Protein chains: 2
Amino acid sequence: MRIVVARCQVDYAGRLTAHLPMATRVIMVKADGSVLVHSDGGSYKPLNWMSPPCTLREGATDDGQVEWTVTSTASGKGPGDTLRILLEEVHSDSRHELGVDPGLQKDGVEKHLQALLADHPATLADGLTLVRREFPTAIGPVDLMCRDAAGASVAVEIKRRGEIDGVEQLTRYLELLNRDPALTRLGPVRGIFAAQEIKPQARVLATDRGIACAVVDYDALRGIDDVEDRLF
Amino acid sequence: MRIVVARCQVDYAGRLTAHLPMATRVIMVKADGSVLVHSDGGSYKPLNWMSPPCTLREGATDDGQVEWTVTSTASGKGPGDTLRILLEEVHSDSRHELGVDPGLQKDGVEKHLQALLADHPATLADGLTLVRREFPTAIGPVDLMCRDAAGASVAVEIKRRGEIDGVEQLTRYLELLNRDPALTRLGPVRGIFAAQEIKPQARVLATDRGIACAVVDYDALRGIDDVEDRLF
DNA sequence: GACTTCATGTCGTGT
DNA sequence: ACACGACGTGAAGTC
């Protein structure tokens with residue numbers, strides 16, 4: 001890892017073109033050659049960057065300024081992306097051996113919500129029982145396939161945040177599932193849209209299509225029992 | 001901007017929980033208090049981070065190790081996010097004055113594609129003329145409203161990358177527009193889905209719904225004339 | 001402030 | 001390799 005603090009100007013050309021006027025910034029060059037240009041604000045996203053794989057060439061302009069040219073060596077990109085950094089004044093330039101990172105461990109995303117609801121389908125609707133998780137269809141798996149108290153099929157789509165595209169997704173599944181006579185013997189397949197939070201527009205669209213909405217309390221569900229052993 | 005290179009362990013708790021085992025990494029602390037933990041690979045996204053507004057408290061554990069606690073001070077987040085960084089060995093710790101960044105100038109995003117197509121609607125379909133950009137409807141503006149050679153209305157949805165949700169969006173617009181007698185006098189409103197690249201699934205769905213697809217060559221369009229003056 | 005849409009999105013996963 | 005969906009998506013613009 002190389003870290004340079006310098007007054008610089010940056011130009012990017014690739015899927016779009018972008019320009020950064022001359023100012024003092026931090027430039028990180030990672031071991032894989034990727035480059036990040038950070039300002040002293042904003043957020044975790046750099047102002048400009050180049051993703052690996054790429055190569056950095058260090059040169060000089062006619063008037064003696066240092067110029068870096070970073071070129072993407074990715075396969076797919078037809079006209080390779082380029083990042084040009086003009087260094088006017090270098091305040092600091094250091095290198096550090098970091099070694100390989102052991103990587104990140106996560107917990108608490110949609111998969112876990114699905115595991116919890118698979119264990120407690122009745123929290124979505126009274127008498128609901130699980131048939132199968134990731135029930136396969138031609139256009140992808142339905143999160144949960146269930147049966148209601150009367151034995152009719154119920155498809156459940158789970159999202160952490162319930163937005164309009166989740167309703168569209170469930171609608172497509174229902175359309176397909178309702179063509180299967182085996183599933184519709186006891187009436188049409190119903191849909192339940194389950195999420196920790198459901199946006200108003202999504203709720204309106206779901207209601208309009210006869211899809212029920214269920215707001216899920218993740219912490220409460222987790223309190224019912226401890227499923228950590230199955231999650232790892 | 002403060003930059004620390006250190007052997008450290010990181011724990012995040014917020015919308016999810018995440019853990020980074022002890023290893024050497026780069027920690028950036030920006031002027032607004034935001035913190036980024038970078039490894040020597042991956043891409044521009046840090047392994048862990050805290051977005052502003054947040055506060056950093058520097059403390060020590062019982063066995064004398066340095067411990068940073070970064071707490072989000074954002075309003076909405078109920079149980080404030082926290083990032084805990086345990087510093088085992090600091091290799092480098094420096095501060096730099098960067099000043100305010102003049103900001104980024106971009107060209108080539110969807111807005112510009114829309115501007116170009118508004119100037120040259122005939123590249124989408126022969127005889128097409130522009131009625132209005134951002135044509136308002138109850139559920140949001142249609143990118144381009146046009147008329148074909150026969151005078152019938154044509155709604156155009158523009159995306160940089162054409163995926164399934166773009167087709168869904170255009171479908172919703174068309175459904176609404178086709179309820180307006182003023183627009184359908186000369187026949188139903190047709191749809192054109194225009195993008196620099198159209199994914200197969202999106203193309204299938206569009207075709208299935210009678211929506212035409214148009215792949216747009218941004219560079220070629222820009223070559224027709226120079227619209228830079230209007231873009232800046 | 002809530003909501004919607006865009007993004008050089010990035011990132012994982014399954015085919 | 002490619003396609004698809006999730007993301008601590010983030011960020012910008014609109015109502």
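All chains are named by letter (A, B, ...) in the order of the sequence lines, taking the proteins before the strands, and each is independently numbered beginning at 1. Keep in mind the model is a prediction, meaning the values are calculated, not measured.
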*All salt bridge (Lys or Arg N to Asp or Glu O under 4.0 Å) counterparts of B:D32, not counting sequence neighbours*: none
*asked:* Among residues at least two apart in sequence or on other chains, which ones pass salt bridge (Lys or Arg N to Asp or Glu O under 4.0 Å) with B:D101?
replied: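 Scan of B:D101 (salt bridge (Lys or Arg N to Asp or Glu O under 4.0 Å), adjacent residues dropped) gives A:R25.
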*Please measure how far the C1' atom in C:dA7 lies from the corresponding atom in C:dC11, and state the result in whole Å.*
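So the two C1' atoms sit 14 Å from each other.
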*Provide the distance between the two C1' atoms, one in D:dC7 and one in C:dC6, to the nearest whole Å.*
15 Å
*Counting any heavy atom closer than 4.0 Å, what does A:D165 reach on the DNA or RNA strands: base, sugar-phosphate only, or nothing?*
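No contact.
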*Using a 4.0 Å heavy-atom cut-off across all strands, classify B:Y44 as base, sugar-phosphate, or nothing.*
sugar-phosphate
Nearest-Å distance, [atom1] ([X]) to [atom2] ([N])?
X	N	atom1	atom2	answer
A:M50	C:dT8	CE	P	13 Å
A:Q114	D:dC7	CD	P	11 Å
A:H19	C:dT8	NE2	P	17 Å
A:E168	D:dG5	CD	C1'	15 Å
B:W49	C:dC11	CH2	C1'	11 Å
B:L113	C:dT8	CG	P	14 Å
A:R15	C:dT8	CZ	P	8 Å
A:D32	C:dC11	CG	P	11 Å

*asked:* Going by side-chain hydrogen bond (donor to acceptor under 3.5 Å, both in side chains), name the residues that satisfy it together with A:K30, two or more places apart in sequence or in a different chain.
replied: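 side-chain hydrogen bond (donor to acceptor under 3.5 Å, both in side chains) list for A:K30, sorted by chain: B:H38.
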Less than 3.5 Å apart, which donor and acceptor atoms pair up between the side chains of residues 197-208 of chain B and the rest of the protein, not counting sequence neighbours?
residue: B:T207; atom: OG1; partner: B:R203; partner atom: O; Å: 2.7

*Only stems of 3 or more consecutive Watson-Crick or G-U pairs count here, both distances under 3.5 Å; name the ones for DNA chain D, or none.*
C:1-7 with D:9-15, C:9-15 with D:1-7
_Of B:S43 and A:L47, the one whose closest DNA chain C nucleotide lies more 5'_ = A:L47
_For a quick check under 3.5 Å, do B:Q196 and B:K159 share a side-chain donor-acceptor pair by atom type?_
no
*Under 3.5 Å donor-acceptor, A:D40 side chain and B:A31 backbone*: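 Pair found, side chain donor or acceptor close to backbone of B:A31.
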*Measure across B:P141 and B:Y173 and return the closest heavy-atom pair with its distance rounded to 0.1 Å.*
O-OH, 3.1 Å
*Taking all atoms of both residues into account, what is the closest heavy-atom pair of B:A138 and B:L176, and its distance?*
N-CD2, 3.8 Å
*Could you please name the option among C:dT8, D:dG10, C:dT10 that lies closest to any side-chain atom of A:D81?*
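Within the option list, the nearest is C:dT8.
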*asked:* Between B:E58 and B:R2 (salt bridge meaning N to carboxylate O under 4.0 Å), is one present in this structure?
replied: yes
*Is the shortest distance from a Lys or Arg side-chain nitrogen in B:E175 or B:R209 to a carboxylate oxygen in the other one below 4.0 Å?*
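No, no charged N to carboxylate O under 4.0 Å.
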Under 3.5 Å, which N/O atoms of the protein pair with N/O atoms of nucleotides 3-7 of chain C?
residue: C:dT4; atom: OP1; partner: A:Q201; partner atom: OE1; Å: 3.4
residue: C:dC6; atom: OP1; partner: B:E110; partner atom: OE1; Å: 3.1
residue: C:dC6; atom: OP1; partner: B:E110; partner atom: OE2; Å: 3.1
residue: C:dC6; atom: OP1; partner: B:K159; partner atom: NZ; Å: 3.2
residue: C:dC6; atom: OP2; partner: B:K159; partner atom: NZ; Å: 3.1
residue: C:dC6; atom: O5'; partner: B:E110; partner atom: OE1; Å: 3.4
residue: C:dA7; atom: OP1; partner: B:E110; partner atom: N; Å: 3.1

*Is the phosphate of C:dT8, meaning OP1 or OP2, less than 4.0 Å from a side-chain N or O of A:S51?*
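No, because none of the side-chain N or O atoms of A:S51 sits under 4.0 Å from OP1 or OP2 of C:dT8.
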